[in-house]
Amino acid sequence: MSLKSLNFETQAVRTQTDKTQFLEHSTPMYLTSGFVFEDAEEMRASFAEEKERNLYSRFSNPNTTEFVDKICKLEGAEDGYAFATGMAAVFSTFAALLDAGDHIISARSVFGSTHTLFTKYLPKWNIETSYFRVDEVDKIESLILPNTKIIYAESPTNPGVDVLDLELLGAIAKEHNLLLVIDNCFATPYLQNPIKFGADLVIHSATKLIDGQGRVLGGVTVGKKELIREIYLFSRNTGPSLSPFNAWILSKSLETLAVRVDRHCENALKLAEFLESHPKINWVKYPFLKSHPQYEVAKKQMKMGGNVVAFEVKGGVQGGKTFFNSVQMCSLSANLGDTRTIITHPASTTHSKLADEDKLVVGITDGMVRCSVGLEHIDDVISDIEQALEKI
Ligand SMILES: *Cc1c(COP(=O)(O)O)cnc(C)c1O
């Protein structure tokens, strides 16, 4: 039975590192910083990369390798490298692949820290970024410069849950010989595989739905072997690697990803449908609601709509404040993809560093709420949100 032909759920459960002499059923934790060699020749050959094996856990470790192998199978990728956080994955990917003076084209709507990377840090190496709005994908080609190297996007976006046509991005990147890098955090490998649509690299913050229980941080980049090689060499020397402990947790988490995400999506759709007809709501956005501007694209490239619902409560700043202060069960937190339903106010927290006009362009208004729908009974989540809306 070839593992390659197996289905998603089976790959997520059955991809494991080799057993030790104890024949344990579940992969143990390999909490070791280094590995020993038989003799001087083996040590030399290992460091010269003539022999593939673990040397030091900054380079690789059986737990991180298992986690990366799973993500590669689930995303249909050739190779990958695991990082301590999603942001370490984003930064290391850019740092490894870009030279001073290169140019990036990015969707305007990206995770807050990624935005800070583009505006504050990459310019230190004279790497500039041009932006396109999610509803202006047709303008991307006009932004291409002779030094453009990467097209970067998230889909669905954080926090506006806009959806970008990955097939179209893939075609543009291919035609102009650019790398397409997709942050697939909101979709997880279960709902969407950007490589199928032409992405060269896929990045995840494993902190979110991959862990799924709000416990550990982690990140991963997977994709073309020759690109991962560059990312690996950069990372093995600069040290953003994932800890074996976190890798062990994240690999276990992947065993239940499909089952969890099925329920997350079912719950999120129910909440979105409830909010759509509520009188205290100005608008609600969820990829699998027919009213979503990119509903058809979402249906084409995603299995389900994900667990994040964005909406705007009536009454502006005051309405938002009342809503956040009235919620009883849902957590007020900046994280997402947890078993616990979380509501966030992007304007004052995760995206507060954006200029007011940038906030508006990416759809962040004062009354906007980002809800990461959890695994509680959905009736209880809806009741809590309903009673808070009544206070507005
Ligand atoms: C959270 C997040 C990140 C950053 O991940 P960390 O693990 O918090 O560093 C990157 N991209 C998206 C879309 C995210 O939601």
Side-chain angles (χ1 to χ4, degrees), residues 64 67-68 71 75 80-95 104 106-119 121-122 129 134 150 152-164 166 181-192 194 199 201-222 235 239-243 245-247 249-250 253-254 261 264 268 287 302 305-310 333-338 342-346 349-354 362-364 370-374:
T64 52
F67 172 64
V68 169
I71 298 282
E75 284 287 11
Y81 187 82
F83 297 91
T85 66
M87 281 321 299
V90 173
F91 175 69
S92 304
T93 300
F94 286 128
I104 302 168
S106 168
R108 192 168 286 279
S109 182
V110 288
F111 184 66
S113 295
T114 306
H115 185 267
T116 305
L117 191 59
F118 289 156
T119 51
Y121 295 106
L122 293 183
T129 306
V134 290
I150 286 177
Y152 183 83
E154 301 170 4
S155 187
T157 62
N158 182 2
V161 289
D162 281 303
V163 173
L164 285 147
L166 298 179
V181 182
I182 298 292
D183 181 336
N184 201 27
C185 170
F186 268 41
T188 79
Y190 180 57
L191 300 179
Q192 169 177 286
L201 291 168
V202 173
I203 297 177
H204 283 284
S205 164
T207 314
K208 313 296 169 55
L209 284 163
I210 290 178
D211 172 68
Q213 289 150 83
R215 300 166 300 183
V216 300
L217 300 159
V220 64
T221 301
V222 299
S235 304
S241 18
L242 180 65
S243 85
F245 177 80
N246 286 11
I249 290 186
L250 293 169
S253 304
L254 284 173
V261 173
H264 274 292
M302 296 176 76
N307 83 315
V308 178
V309 180
S333 173
N335 194 24
L336 62 94
D338 197 316
I342 292 169
I343 55 168
T344 309
H345 187 224
T349 59
T350 51
H351 291 69
S352 60
K353 302 257 179 348
L354 270 69
V362 300
I364 300 170
R370 183 189 75 189
C371 182
S372 161
V373 184

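Since we're looking at a predicted model, the values are computed, not measured. Whatever order the structure lists ligands and atoms in, that order sets their numbers, starting from 1. Just so you know, residue 1 is the first one in the sequence shown, and it goes up from there.
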Side-chain H-bond candidate by donor/acceptor type, Thr129 with Ser106, under 3.5 Å: no
If you take all heavy atoms of Ser333 and Ile342, which pair is closest and at what distance? O-CG2, 3.2 Å
Measure across Phe111 and Lys208 and return the closest heavy-atom pair with its distance rounded to 0.1 Å. CE1-NZ, 4.3 Å
Aromatic ring pairing Phe94/Tyr152, orientation class (parallel under 30°, perpendicular over 60°, tilted between): tilted
For ligand 1, give me the residues whose heavy-atom distance to it is below 4.0 Å, by chain and number please. Thr85, Gly86, Met87, Phe111, Glu154, Asn158, Asp183, Cys185, Phe186, Ser205, Thr207, Lys208, Gly218
Holding to salt bridge (Lys or Arg N to Asp or Glu O under 4.0 Å), I want the full list of residues that pass it with Asp338, two or more places apart in sequence or in another chain. Arg340
Option among Leu191, Val308, Asn307, Leu336 that satisfies the side-chain contact (heavy atoms from CB on, under 4.5 Å) test with Leu209: Asn307
